[in-house]
Amino acid sequence: MRKNIVAGNWKMNKNFPEGIELIKDILEQSKNVDKAELIVSPPYIFLSEAASLLSNSTIGLAAQNCSNQESGAYTGEISSSMINSVGANHVILGHSERRAYYGETDELINQKIKLCIANSLKPIVCCGEVLQERENEEHFTVVAKQLKGMFENVSPEEFKNVIIAYEPVWAIGTGKTASPEQAQEIHEFIRETIKNSYGSELANNLSILYGGSCKPSNAKEIFAKPDVDGGLIGGAALNANDFIAIAQSF
Ligand code: PEP
């Protein structure tokens, strides 16, 4: 059976003491969460400390990005094996902010997915359309193209490690949320698309998260949809009470 997952994407927020405080608060309150797996994703430089704080817990730890190269002369880059070596177990890949501000393409994301899996990290792979594409009713085509590009030559064995996050770009950080019906129809489409490439078993076991202004007040309705298996949470993940309340929405 697939897992319910609530993953927090901290982005470039919090300094080190604030980040550690947030992890401790989440750890403390996570005792009240029993229907979802939690994942936190602080900035790279907090990962090592976060891993020791979380070592006796079931809370997952994600990096927000990784290099598309294995190692070598790539100044400023962080490799999957480095991320694994400090105790993280997931990586967020293909976030729309990486696509929009750093020119990431499906091809580049594909390279990162393969490296993550090779280094025992589970990728949380993002897809989703911008507002214009939604208004032109191109969202299915856009998401199908992203999935095809990102999972090119990813084998079924590799795909078992993947989590997908559907994040309509028009809903990220805007306060606008996809309706539960909009989320359901595209999550169902994503599952169907994966089924066509990887078969029913992998598609049924795949956790597909919704992301885009998800908060305690709307999570319950969205998570109630059959193909929504949780959320990738931005703003609301920066507050332990909100993050935990979202995880209690199942
Ligand atoms: C995100 O950036 O992944 C996200 C979903 O952000 P927010 O919840 O703030 O819209």
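Nothing here was measured: the structure is a model prediction, and the numbers come from that model. Atom set for the values below is all heavy atoms of this structure, side chains included, hydrogens, waters and symmetry mates excluded.
- Residue pairs satisfying the salt bridge (charged side-chain N to carboxylate O under 4.0 Å, His left out) criterion with at least one member in residues 81-101, sequence neighbours excluded, are listed as follows: Lys11-Glu97, Arg98-Glu104, Arg99-Asp106.
- Shown here are the salt bridge (charged side-chain N to carboxylate O under 4.0 Å, His left out) partners of Glu192, two or more places apart in sequence or in another chain: there are none.
- Side-chain contact between Val6 and Ile244: absent, with no pair of heavy atoms (C-beta onward) separated by less than 4.5 Å.
- In this structure the side chain of Tyr210 never reaches within 4.5 angstrom of the side chain of Asp229, judged on heavy atoms.
- When every heavy atom of Lys195 is checked against every heavy atom of Ser200, the shortest pair comes out as CE-OG, 3.6 Å.
- Note on ring orientation: taking the six-membered ring where Trp is involved, the planes of Tyr198 and Phe159 are parallel (angle under 30°, cut-offs 30° and 60°).
- In the hydrophobic cluster analysis, where Ile, Leu, Val, Met, Phe, Trp and Tyr join through side-chain heavy atoms closer than 4.5 angstrom, Ile45 is grouped together with Ile23.
- Looking only at atom types and distance, the side chain of Gln64 has no donor-acceptor partner in the side chain of His95 under 3.5 Å away.
- In this structure the side chain of Asn110 never reaches within 4.5 angstrom of the side chain of Phe151, judged on heavy atoms.
- Two residues are said to be in side-chain contact when any heavy atoms from C-beta on lie closer than 4.5 Å; Phe189 and Gln184 fail this criterion.
- Applying side-chain contact (heavy atoms from CB on, under 4.5 Å) to Ser80 and the options Leu115, Val91, Ile113 leaves one that passes, Leu115.
- Remark: Glu201 CD is loosely packed, at most 12 non-hydrogen atoms of other residues, nucleotides or ligands lying under 6.0 Å away.
- Shown here for Ile246 and Pro216, the closest heavy-atom pair between the two residues is CG1-N, 3.5 Å.
- Looking at Arg134, Glu133, Gln132 one by one, the single match for side-chain contact (heavy atoms from CB on, under 4.5 Å) with Trp170 turns out to be Arg134.
- Enclosure of atom CG in Asn196 by more than 12 non-hydrogen atoms of other residues, nucleotides or ligands within 6.0 angstrom is indicated.
- Here the side chains of Ile83 and Asn119 are not in contact, with every heavy-atom distance at 4.5 Å or above.
- Proximity of Pro42 to Lys14: side-chain heavy atoms (C-beta onward) are nowhere separated by under 4.5 Å.
- Among pairs with a residue in residues 32-49, those fulfilling side chain to side chain donor-acceptor pair (under 3.5 Å) read Lys3-Glu37, at least two apart in sequence or across chains.
- Using modelled atom types and a 3.5 Å distance limit, the side chains of Tyr166 and Glu129 yield a donor-acceptor pair.
- Hydrophobic cluster membership of Val169, counting Ile, Leu, Val, Met, Phe, Trp and Tyr whose side-chain heavy atoms lie under 4.5 Å apart directly or via other members: Val130.
- For Glu221, the CD atom counts as loosely surrounded, since its 6.0 Å shell holds 12 or fewer non-hydrogen atoms of other residues, nucleotides or ligands.
- At most 12 heavy atoms of other shown residues, nucleotides or ligands fall within 6.0 angstrom of atom CD in Glu107.
- No hydrogens or angles considered: nothing links the side chains of Asn205 and Lys160 as a donor-acceptor pair under 3.5 Å.
- Looking at residues two or more places apart in sequence or on another chain, you find no salt bridge (charged side-chain N to carboxylate O under 4.0 Å, His left out) involving Glu137.
- When hydrophobic residues (I, L, V, M, F, W, Y) are linked wherever their side-chain heavy atoms come within less than 4.5 Å, the members clustered with Leu209 are Ile5, Ile39, Ile92, Ile124, Ile163, Leu232.
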Inset, instruction - Could you walk me through whether His90 and Leu61 pass side-chain contact (heavy atoms from CB on, under 4.5 Å), step by step? - result: CA-CA 6 Å; His90 294 75; Leu61 181 62; over 6 Å; no
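- Side-chain contact between Asn161 and Leu121: absent, with no pair of heavy atoms (C-beta onward) separated by less than 4.5 Å.
- Using a 4.5 Å heavy-atom threshold, the side chains of Leu93 and Gln111 count as separate.
- For the pair Lys225 and Glu181, the salt-bridge criterion is met [side-chain N within less than 4.0 Å of a carboxylate O].
- The two residues Arg2 and Leu206 make their nearest non-hydrogen contact at CD-O, 3.2 Å.
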